[in-house]
Asks: 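The structure's right below; bear with me while I get my questions together.
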There are 2 protein chains.
Amino acid sequence: MEWETSYYTQQSDRGAMGETRQNAVWQDYVLDEQVGFIMRRASQRHLGIFASRIPELTPTQFAALAKLCELGAASQNELGRRTAMDAATIKGVIDRLRRRGLVTTVKDANDQRRLFVKATAEGEELYASCVEPARMISDETLAPLSEKERLMFLQLLSKLQ
Amino acid sequence: MEWETSYYTQQSDRGAMGETRQNAVWQDYVLDEQVGFIMRRASQRHLGIFASRIPELTPTQFAALAKLCELGAASQNELGRRTAMDAATIKGVIDRLRRRGLVTTVKDANDQRRLFVKATAEGEELYASCVEPARMISDETLAPLSEKERLMFLQLLSKLQ
DNA sequence: CAAAATCTATTTGTATACTAATGAATTTTG
DNA sequence: CAAAATTCATTAGTATACAAATAGATTTTG
(Lines give C-alpha, C1' and ligand atoms only; values in the text may rest on other atoms or scores of the structure.)
Protein backbone atom coordinates (compact mmCIF):
# COMPACT_ATOMS: atom_id res chain seq x y z
CA MET A 1 0.00 0.00 0.00
CA GLU A 2 1.45 3.30 -1.10
CA TRP A 3 1.45 6.38 1.08
CA GLU A 4 2.55 9.01 -1.33
CA THR A 5 -0.32 11.42 -0.91
CA SER A 6 -0.85 13.29 2.29
CA TYR A 7 -3.63 12.54 4.74
CA TYR A 8 -4.62 16.16 4.96
CA THR A 9 -4.62 18.85 2.32
CA GLN A 10 -3.09 22.23 2.87
CA GLN A 11 -6.46 23.87 3.37
CA SER A 12 -7.82 21.20 5.67
CA ASP A 13 -10.62 22.16 8.04
CA ARG A 14 -8.60 21.79 11.17
CA GLY A 15 -10.78 24.17 13.11
CA ALA A 16 -11.79 27.74 13.60
CA MET A 17 -11.54 30.79 11.41
CA GLY A 18 -8.31 31.87 13.01
CA GLU A 19 -6.47 28.88 11.67
CA THR A 20 -8.04 29.30 8.30
CA ARG A 21 -6.62 32.79 8.19
CA GLN A 22 -3.26 31.45 9.29
CA ASN A 23 -3.33 28.98 6.44
CA ALA A 24 -3.75 31.93 4.10
CA VAL A 25 -0.33 33.11 5.22
CA TRP A 26 1.23 29.84 4.05
CA GLN A 27 -0.52 29.75 0.75
CA ASP A 28 2.17 31.03 -1.56
CA TYR A 29 5.11 29.93 0.56
CA VAL A 30 6.34 26.66 -0.89
CA LEU A 31 9.40 25.20 0.77
CA ASP A 32 10.61 23.49 -2.40
CA GLU A 33 10.83 26.80 -4.22
CA GLN A 34 12.95 28.62 -1.65
CA VAL A 35 16.51 29.40 -2.56
CA GLY A 36 17.88 27.92 0.67
CA PHE A 37 16.14 24.61 0.16
CA ILE A 38 17.15 24.30 -3.48
CA MET A 39 20.72 25.30 -2.63
CA ARG A 40 20.87 22.64 0.05
CA ARG A 41 19.75 20.02 -2.46
CA ALA A 42 22.23 21.23 -5.06
CA SER A 43 24.96 21.05 -2.43
CA GLN A 44 23.97 17.52 -1.54
CA ARG A 45 24.20 16.50 -5.17
CA HIS A 46 27.60 18.15 -5.48
CA LEU A 47 28.86 16.43 -2.33
CA GLY A 48 27.77 13.10 -3.73
CA ILE A 49 29.68 13.77 -6.93
CA PHE A 50 32.71 14.81 -4.90
CA ALA A 51 32.66 11.67 -2.79
CA SER A 52 32.47 9.47 -5.87
CA ARG A 53 35.43 11.17 -7.59
CA ILE A 54 37.66 11.81 -4.56
CA PRO A 55 36.81 9.26 -1.88
CA GLU A 56 40.12 9.82 -0.08
CA LEU A 57 39.27 13.34 1.06
CA THR A 58 36.18 15.22 2.14
CA PRO A 59 35.50 18.50 0.33
CA THR A 60 36.69 20.51 3.32
CA GLN A 61 39.82 18.45 3.72
CA PHE A 62 40.49 18.89 0.02
CA ALA A 63 39.88 22.64 0.31
CA ALA A 64 42.33 22.95 3.20
CA LEU A 65 44.97 20.89 1.43
CA ALA A 66 44.44 22.74 -1.85
CA LYS A 67 44.72 26.15 -0.26
CA LEU A 68 47.77 25.01 1.66
CA CYS A 69 49.43 23.92 -1.57
CA GLU A 70 48.39 27.19 -3.20
CA LEU A 71 49.83 29.25 -0.36
CA GLY A 72 52.80 27.04 0.42
CA ALA A 73 52.06 27.32 4.12
CA ALA A 74 49.89 29.23 6.57
CA SER A 75 48.92 29.52 10.19
CA GLN A 76 45.97 27.35 11.11
CA ASN A 77 43.63 30.28 11.61
CA GLU A 78 44.67 32.01 8.40
CA LEU A 79 44.13 28.80 6.48
CA GLY A 80 40.68 28.67 8.02
CA ARG A 81 39.92 32.19 6.87
CA ARG A 82 41.12 31.44 3.36
CA THR A 83 38.91 28.36 3.15
CA ALA A 84 35.88 29.83 4.91
CA MET A 85 36.17 27.70 8.05
CA ASP A 86 36.04 29.08 11.54
CA ALA A 87 38.75 28.33 14.10
CA ALA A 88 36.97 25.34 15.59
CA THR A 89 36.27 23.75 12.22
CA ILE A 90 39.72 24.21 10.70
CA LYS A 91 41.26 22.73 13.84
CA GLY A 92 39.37 19.48 13.36
CA VAL A 93 40.22 19.38 9.66
CA ILE A 94 43.93 19.95 10.28
CA ASP A 95 43.95 17.39 13.10
CA ARG A 96 42.58 14.76 10.73
CA LEU A 97 44.96 15.70 7.91
CA ARG A 98 47.90 15.55 10.32
CA ARG A 99 46.81 12.18 11.67
CA ARG A 100 47.04 10.91 8.10
CA GLY A 101 50.46 12.47 7.52
CA LEU A 102 49.22 14.89 4.87
CA VAL A 103 50.25 18.03 6.77
CA THR A 104 52.64 18.92 9.57
CA THR A 105 52.24 21.57 12.23
CA VAL A 106 54.82 23.45 14.30
CA LYS A 107 54.56 26.32 16.72
CA ASP A 108 55.48 29.51 14.91
CA ALA A 109 58.76 30.76 16.40
CA ASN A 110 57.91 34.39 15.66
CA ASP A 111 54.47 34.25 17.19
CA GLN A 112 53.86 31.75 19.95
CA ARG A 113 50.10 31.93 19.40
CA ARG A 114 50.28 30.63 15.88
CA LEU A 115 50.38 27.06 14.65
CA PHE A 116 52.32 26.87 11.42
CA VAL A 117 50.79 24.38 8.98
CA LYS A 118 52.52 22.91 5.93
CA ALA A 119 51.64 20.16 3.49
CA THR A 120 53.95 17.14 3.56
CA ALA A 121 55.39 15.63 0.38
CA GLU A 122 52.68 13.00 0.67
CA GLY A 123 50.06 15.70 1.05
CA GLU A 124 51.27 17.54 -2.03
CA GLU A 125 51.33 14.33 -4.02
CA LEU A 126 47.80 13.51 -2.99
CA TYR A 127 46.67 17.01 -3.87
CA ALA A 128 48.37 16.82 -7.28
CA SER A 129 46.64 13.52 -7.96
CA CYS A 130 43.29 15.05 -6.99
CA VAL A 131 43.38 18.11 -9.24
CA GLU A 132 42.15 16.32 -12.35
CA PRO A 133 39.31 14.55 -10.50
CA ALA A 134 38.50 17.90 -8.91
CA ARG A 135 38.12 19.47 -12.33
CA MET A 136 35.75 16.65 -13.26
CA ILE A 137 33.77 17.27 -10.08
CA SER A 138 33.19 20.88 -11.05
CA ASP A 139 32.31 19.80 -14.57
CA GLU A 140 29.91 17.11 -13.47
CA THR A 141 28.27 19.41 -10.95
CA LEU A 142 27.55 21.91 -13.72
CA ALA A 143 26.78 19.25 -16.34
CA PRO A 144 23.04 19.99 -16.45
CA LEU A 145 23.86 23.49 -17.70
CA SER A 146 25.01 24.63 -21.13
CA GLU A 147 28.31 26.46 -21.46
CA LYS A 148 26.56 29.84 -21.43
CA GLU A 149 24.42 28.86 -18.49
CA ARG A 150 27.46 27.73 -16.51
CA LEU A 151 29.15 31.09 -16.88
CA MET A 152 25.95 32.90 -15.99
CA PHE A 153 25.34 30.64 -13.00
CA LEU A 154 28.84 31.02 -11.60
CA GLN A 155 28.62 34.77 -12.05
CA LEU A 156 25.34 34.99 -10.17
CA LEU A 157 26.34 32.48 -7.48
CA SER A 158 29.52 34.45 -6.86
CA LYS A 159 27.44 37.49 -5.98
CA LEU A 160 25.73 35.54 -3.22
CA GLN A 161 28.92 34.64 -1.33
CA MET B 1 53.47 42.20 12.01
CA GLU B 2 51.07 41.23 9.29
CA TRP B 3 51.12 37.79 7.69
CA GLU B 4 48.78 38.21 4.81
CA THR B 5 51.08 37.13 2.02
CA SER B 6 52.28 33.59 1.70
CA TYR B 7 55.80 32.44 2.46
CA TYR B 8 56.05 30.52 -0.76
CA THR B 9 54.69 31.28 -4.18
CA GLN B 10 52.76 28.77 -6.20
CA GLN B 11 55.67 28.06 -8.52
CA SER B 12 58.26 27.79 -5.78
CA ASP B 13 61.38 25.78 -6.50
CA ARG B 14 60.64 23.02 -4.11
CA GLY B 15 62.72 20.48 -5.93
CA ALA B 16 63.16 18.38 -8.98
CA MET B 17 61.63 18.49 -12.41
CA GLY B 18 58.92 16.07 -11.43
CA GLU B 19 57.44 18.50 -8.94
CA THR B 20 57.72 21.35 -11.37
CA ARG B 21 55.62 19.35 -13.76
CA GLN B 22 53.18 18.60 -11.01
CA ASN B 23 52.84 22.28 -10.31
CA ALA B 24 51.85 22.74 -13.93
CA VAL B 25 48.83 20.57 -13.20
CA TRP B 26 47.67 22.97 -10.49
CA GLN B 27 48.21 26.07 -12.53
CA ASP B 28 44.71 26.80 -13.71
CA TYR B 29 42.92 25.09 -10.84
CA VAL B 30 41.94 27.79 -8.37
CA LEU B 31 39.93 26.61 -5.39
CA ASP B 32 38.09 29.91 -5.03
CA GLU B 33 36.66 29.62 -8.52
CA GLN B 34 35.21 26.13 -8.16
CA VAL B 35 31.47 25.79 -8.02
CA GLY B 36 31.56 23.67 -4.88
CA PHE B 37 33.62 26.16 -2.95
CA ILE B 38 31.51 29.13 -4.01
CA MET B 39 28.33 27.24 -3.28
CA ARG B 40 29.59 26.39 0.20
CA ARG B 41 30.27 30.08 0.85
CA ALA B 42 26.89 31.12 -0.50
CA SER B 43 25.28 28.52 1.75
CA GLN B 44 27.17 29.85 4.74
CA ARG B 45 25.93 33.35 4.00
CA HIS B 46 22.39 32.09 3.65
CA LEU B 47 22.59 30.15 6.91
CA GLY B 48 23.76 33.30 8.66
CA ILE B 49 20.80 35.22 7.28
CA PHE B 50 18.48 32.41 8.36
CA ALA B 51 19.83 32.34 11.89
CA SER B 52 19.39 36.10 12.25
CA ARG B 53 15.76 36.06 11.05
CA ILE B 54 14.58 32.78 12.64
CA PRO B 55 16.75 32.08 15.67
CA GLU B 56 14.17 29.68 17.14
CA LEU B 57 14.67 27.04 14.45
CA THR B 58 17.52 25.71 12.38
CA PRO B 59 16.95 25.61 8.61
CA THR B 60 16.45 21.86 8.69
CA GLN B 61 14.06 22.02 11.62
CA PHE B 62 12.14 24.72 9.80
CA ALA B 63 12.09 22.62 6.63
CA ALA B 64 10.73 19.59 8.48
CA LEU B 65 8.09 21.65 10.26
CA ALA B 66 7.13 23.49 7.07
CA LYS B 67 6.76 20.30 5.07
CA LEU B 68 4.80 18.75 7.90
CA CYS B 69 2.40 21.69 7.89
CA GLU B 70 2.19 21.50 4.10
CA LEU B 71 1.41 17.79 4.17
CA GLY B 72 -0.65 17.77 7.33
CA ALA B 73 1.21 14.69 8.52
CA ALA B 74 3.66 12.07 7.34
CA SER B 75 5.69 9.10 8.41
CA GLN B 76 9.13 10.03 9.66
CA ASN B 77 10.93 8.52 6.68
CA GLU B 78 8.56 10.06 4.14
CA LEU B 79 9.04 13.45 5.74
CA GLY B 80 12.75 12.89 5.41
CA ARG B 81 12.42 12.09 1.72
CA ARG B 82 10.30 15.18 1.15
CA THR B 83 12.86 17.40 2.86
CA ALA B 84 15.97 15.74 1.45
CA MET B 85 17.14 14.23 4.72
CA ASP B 86 18.16 10.62 5.14
CA ALA B 87 16.63 8.41 7.80
CA ALA B 88 19.32 9.08 10.38
CA THR B 89 19.16 12.83 9.92
CA ILE B 90 15.39 13.22 10.00
CA LYS B 91 15.28 11.09 13.14
CA GLY B 92 17.48 13.57 15.00
CA VAL B 93 15.50 16.52 13.70
CA ILE B 94 12.15 15.02 14.72
CA ASP B 95 13.55 14.03 18.12
CA ARG B 96 14.54 17.63 18.78
CA LEU B 97 11.23 19.04 17.50
CA ARG B 98 9.34 16.57 19.68
CA ARG B 99 11.42 17.43 22.72
CA ARG B 100 10.26 21.01 22.23
CA GLY B 101 6.62 20.03 21.82
CA LEU B 102 6.41 21.17 18.19
CA VAL B 103 5.52 17.75 16.81
CA THR B 104 4.05 14.50 18.14
CA THR B 105 4.81 10.98 17.03
CA VAL B 106 2.75 7.79 17.26
CA LYS B 107 3.22 4.31 15.89
CA ASP B 108 1.15 3.95 12.74
CA ALA B 109 -1.62 1.46 13.47
CA ASN B 110 -1.77 0.32 9.83
CA ASP B 111 1.95 -0.22 9.50
CA GLN B 112 3.90 -1.06 12.60
CA ARG B 113 7.15 -0.01 10.96
CA ARG B 114 6.06 3.55 10.50
CA LEU B 115 6.27 6.43 12.93
CA PHE B 116 3.44 8.83 12.29
CA VAL B 117 4.53 12.46 12.74
CA LYS B 118 2.21 15.44 13.15
CA ALA B 119 2.74 19.07 14.04
CA THR B 120 1.20 20.18 17.32
CA ALA B 121 -0.89 23.34 17.60
CA GLU B 122 2.20 25.00 19.01
CA GLY B 123 4.25 23.75 16.08
CA GLU B 124 1.75 25.08 13.58
CA GLU B 125 1.64 28.43 15.34
CA LEU B 126 5.40 28.67 15.30
CA TYR B 127 5.48 27.76 11.64
CA ALA B 128 2.81 30.35 10.81
CA SER B 129 4.81 33.00 12.65
CA CYS B 130 7.96 32.03 10.72
CA VAL B 131 6.57 32.24 7.21
CA GLU B 132 6.99 35.99 6.86
CA PRO B 133 10.56 35.93 8.23
CA ALA B 134 11.21 32.99 5.92
CA ARG B 135 10.13 35.07 2.94
CA MET B 136 12.54 37.77 4.05
CA ILE B 137 15.31 35.19 4.33
CA SER B 138 14.83 34.17 0.71
CA ASP B 139 14.69 37.83 -0.28
CA GLU B 140 17.78 38.80 1.65
CA THR B 141 19.70 35.81 0.34
CA LEU B 142 18.98 36.91 -3.23
CA ALA B 143 19.30 40.62 -2.46
CA PRO B 144 22.60 41.04 -4.37
CA LEU B 145 20.75 40.08 -7.57
CA SER B 146 18.33 42.08 -9.68
CA GLU B 147 14.83 40.76 -10.24
CA LYS B 148 15.81 39.29 -13.59
CA GLU B 149 18.97 37.77 -12.16
CA ARG B 150 17.03 36.15 -9.34
CA LEU B 151 14.71 34.37 -11.71
CA MET B 152 17.62 33.28 -13.86
CA PHE B 153 19.61 32.12 -10.85
CA LEU B 154 16.76 30.08 -9.38
CA GLN B 155 16.10 28.53 -12.75
CA LEU B 156 19.72 27.47 -13.16
CA LEU B 157 20.18 26.38 -9.54
CA SER B 158 17.07 24.23 -9.83
CA LYS B 159 18.70 22.29 -12.63
CA LEU B 160 21.57 21.36 -10.32
CA GLN B 161 19.44 19.67 -7.66
C1' DC C 1 2.08 -19.95 1.12
C1' DA C 2 6.99 -19.48 2.17
C1' DA C 3 11.31 -17.35 0.90
C1' DA C 4 13.31 -13.28 -0.75
C1' DA C 5 13.29 -8.59 -1.14
C1' DT C 6 12.07 -4.22 0.50
C1' DC C 7 10.86 -0.75 3.81
C1' DT C 8 11.13 1.60 8.29
C1' DA C 9 13.30 3.15 12.16
C1' DT C 10 17.25 2.97 15.08
C1' DT C 11 22.10 2.95 16.42
C1' DT C 12 27.03 3.77 15.86
C1' DG C 13 30.74 6.23 14.02
C1' DT C 14 32.87 9.97 11.46
C1' DA C 15 33.03 14.72 9.71
C1' DT C 16 31.63 19.28 9.09
C1' DA C 17 29.79 23.81 11.15
C1' DC C 18 28.82 27.17 14.52
C1' DT C 19 28.53 29.38 19.37
C1' DA C 20 30.55 30.50 23.51
C1' DA C 21 34.06 30.38 26.84
C1' DT C 22 38.96 30.14 28.06
C1' DG C 23 43.85 31.23 28.37
C1' DA C 24 48.02 32.61 26.38
C1' DA C 25 50.46 35.72 23.29
C1' DT C 26 50.73 39.89 20.79
C1' DT C 27 49.37 44.50 19.29
C1' DT C 28 47.26 48.81 20.02
C1' DT C 29 46.52 52.81 22.56
C1' DG C 30 46.18 56.32 26.06
C1' DC D 1 55.32 51.82 29.37
C1' DA D 2 51.16 49.72 31.20
C1' DA D 3 46.31 48.78 30.41
C1' DA D 4 43.10 47.54 27.00
C1' DA D 5 42.02 45.32 22.95
C1' DT D 6 42.85 41.88 19.69
C1' DT D 7 44.46 37.51 17.93
C1' DC D 8 45.19 32.60 18.12
C1' DA D 9 44.28 28.08 19.37
C1' DT D 10 41.67 24.99 22.13
C1' DT D 11 37.63 22.97 24.35
C1' DA D 12 32.74 21.88 25.16
C1' DG D 13 28.25 21.67 23.47
C1' DT D 14 24.66 21.40 19.85
C1' DA D 15 23.05 20.27 15.18
C1' DT D 16 23.24 18.66 10.62
C1' DA D 17 24.81 14.93 7.24
C1' DC D 18 25.95 10.45 5.63
C1' DA D 19 27.56 5.43 5.69
C1' DA D 20 26.89 1.03 7.46
C1' DA D 21 24.83 -2.32 10.30
C1' DT D 22 20.70 -4.12 12.63
C1' DA D 23 16.02 -5.69 13.63
C1' DG D 24 11.29 -5.84 12.92
C1' DA D 25 7.38 -5.34 9.71
C1' DT D 26 5.50 -5.56 5.23
C1' DT D 27 5.44 -6.57 0.31
C1' DT D 28 6.81 -9.08 -3.59
C1' DT D 29 7.61 -13.16 -5.92
C1' DG D 30 8.40 -17.89 -7.25
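Every value quoted in this text rests on a predicted model; they were computed, and no experiment measured them. Excluded from the calculations below are hydrogen atoms, water molecules and symmetry mates; all remaining heavy atoms, backbone and side chain alike, are included. To find a chain, count down the sequence lines: A is the first, B the second, and so on, and within it residues start at 1.
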Asks: Any salt bridge between B/D95 and B/K91, counting N to O under 4.0 Å?
Replies: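 So B/D95 pairs with B/K91 through a salt bridge.
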Asks: Please check if the number of heavy atoms outside B/M152 that lie under 6.0 Å from its CE is greater than 12.
Replies: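 Atom CE in B/M152 is not crowded, with 12 or fewer foreign heavy atoms closer than 6.0 Å.
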Asks: What about B/R113, does its side chain sit under 3.5 Å from the base of C/dC7 through a donor-acceptor pair?
Replies: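 Under the 3.5 Å cut-off, the side chain and the base do form a donor-acceptor pair.
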Asks: Please tell me which of the listed nucleotides, C/dA25, D/dA25, D/dA17, lies nearest to the side chain of B/T89?
Replies: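 The answer is D/dA17, which lies nearest to the side chain.
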Asks: Under 4.0 Å, counting only non-hydrogen atoms across every strand here, what does A/D86 touch: a base, just sugar-phosphate, or nothing?
Replies: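 Answer is base: heavy atoms of A/D86 come under 4.0 Å of a base.
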Asks: Pick the nucleotide of DNA chain D nearest each of A/A88 and B/M85; which residue has the one closer to the 5' end?
Replies: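 Its nucleotide being nearer the 5' end, the pick is A/A88.
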Asks: What is the separation between atom CZ on A/F37 and atom P on D/dA17, rounded to the nearest whole Å?
Replies: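 For the pair A/F37 CZ and D/dA17 P, the rounded distance is 10 Å.
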Asks: Heavy atoms under 4.0 Å, any strand shown: does B/T60 hit a base, just sugar-phosphate, or nothing?
Replies: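 Counting heavy atoms under 4.0 Å across all strands, the contact made by B/T60 is with sugar-phosphate only.
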Asks: Counting any heavy atom closer than 4.0 Å, what does B/T58 reach on the DNA or RNA strands: base, sugar-phosphate only, or nothing?
Replies: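 Sugar-phosphate: the residue B/T58, judged by heavy atoms under 4.0 Å, touches backbone atoms but no base.
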Asks: Taking CG from B/L57 and P from D/dT14, how many angstroms apart are they, rounded to a whole number?
Replies: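 Distance, rounded to whole Å: 18 Å.
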Asks: Taking only side-chain N and O atoms of A/Q76, does any of them lie within less than 4.0 angstrom of OP1 or OP2 on D/dT10?
Replies: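 Yes, such a contact exists.
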Asks: Respond yes when some side-chain nitrogen or oxygen of A/R40 is under 4.0 Å from OP1 or OP2 of D/dA17, and no when none is.
Replies: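 Result: yes.
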Asks: For B/A87 and for A/A84, find the nucleotide of DNA chain C with the closest heavy atom, then tell me which residue's nucleotide is more 5'.
Replies: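 Result of the comparison: B/A87.
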Asks: Would you find a donor on one side and an acceptor on the other, under 3.5 Å apart, between the side chain of A/R40 and the backbone of B/A84?
Replies: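 Yes; judged by distance alone, with no hydrogens or angles, the pair exists.
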Asks: Rounded to the nearest Å, what distance is computed from the CD1 atom of residue B/I90 to the P atom of nucleotide D/dT16?
Replies: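 Rounded to the whole Å, the gap is 9 Å.
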Asks: Taking atom C1' of D/dA17 as reference, at what distance in whole Å does atom CE of A/M39 sit?
Replies: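 Whole-Å distance recorded here is 17 Å.
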Asks: Within this structure, what is the CG-CD distance for the pair A/L102 and A/E122, rounded to the nearest 0.5 Å?
Replies: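 One gets 5.5 Å once the value is rounded to the nearest 0.5 Å.
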Asks: Using atom CD of B/Q61 as one end and atom C1' of D/dA15 as the other, report the distance to the nearest whole Å.
Replies: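 Value for this atom pair: 8 Å.
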Asks: Is there a donor-acceptor pair closer than 3.5 Å between any side-chain N or O of A/S138 and the backbone N or O of B/Q34?
Replies: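 A pair under 3.5 Å: no.
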Asks: What's the NZ-P distance between B/K107 and D/dG24, to the nearest Å?
Replies: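 That distance rounds to 11 Å.
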Asks: Between A/D111 and B/P59, just flag the one whose closest nucleotide in DNA chain D comes earlier from the 5' side.
Replies: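 Of the two residues, A/D111 wins.
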Asks: Would B/E70 and B/R82 pass as an ion pair if we require N to O under 4.0 Å?
Replies: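 B/R82 and B/E70: not salt-bridged.
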Asks: If we check salt bridge (Lys or Arg N to Asp or Glu O under 4.0 Å) with B/E140, which of these qualifies: B/R53, B/R150, B/R45, B/R135?
Replies: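 The passing option is B/R53.
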Asks: Starting at atom CG of A/N77, determine the distance to atom C1' of D/dT6, rounded to an integer number of angstrom.
Replies: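 Checked: the CG to C1' distance equals 12 Å.
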Asks: Would one find a side-chain N or O of A/R114 under 4.0 angstrom from OP1 or OP2 of C/dA24?
Replies: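 For C/dA24, neither OP1 nor OP2 has a side-chain N or O of A/R114 closer than 4.0 Å.
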Asks: Figure out the CD/C1' separation between A/E78 and D/dA9, and round it to whole Å.
Replies: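 Spelled out: CD on A/E78 to C1' on D/dA9 is 15 Å.
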Asks: Output the residues of residues 91-105 of chain A in contact with DNA chain D, where contact means a heavy atom of the residue under 4.0 Å from an atom of the strand; sort by number or write none.
Replies: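 When residues 91-105 of chain A is checked for heavy atoms under 4.0 Å from DNA chain D, the hits, listed by number, are A/K91.
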Asks: Let's see if you get this right: which residues in residues 41-54 of chain B place a heavy atom under 4.0 Å from DNA chain C?
Replies: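 Within this stretch, B/Q44 sit under 4.0 Å of the strand.
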Asks: Within the side chain of B/T83, is there an N or O that forms a donor-acceptor pair under 3.5 Å with the backbone of B/A63?
Replies: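 Side chain of B/T83 to backbone of B/A63: no pair is present.
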Asks: Is the backbone N or O of B/F116 less than 3.5 Å from a side-chain atom of B/S75, with the two atoms forming a donor-acceptor pair by type?
Replies: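 No: the side chain of B/S75 does not pair with the backbone of B/F116.
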Asks: Working to the nearest 0.5 angstrom, can you tell me the gap between A/R41 CZ and B/L157 CG?
Replies: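 If I round to the nearest 0.5 Å, the distance is 10.5 Å.
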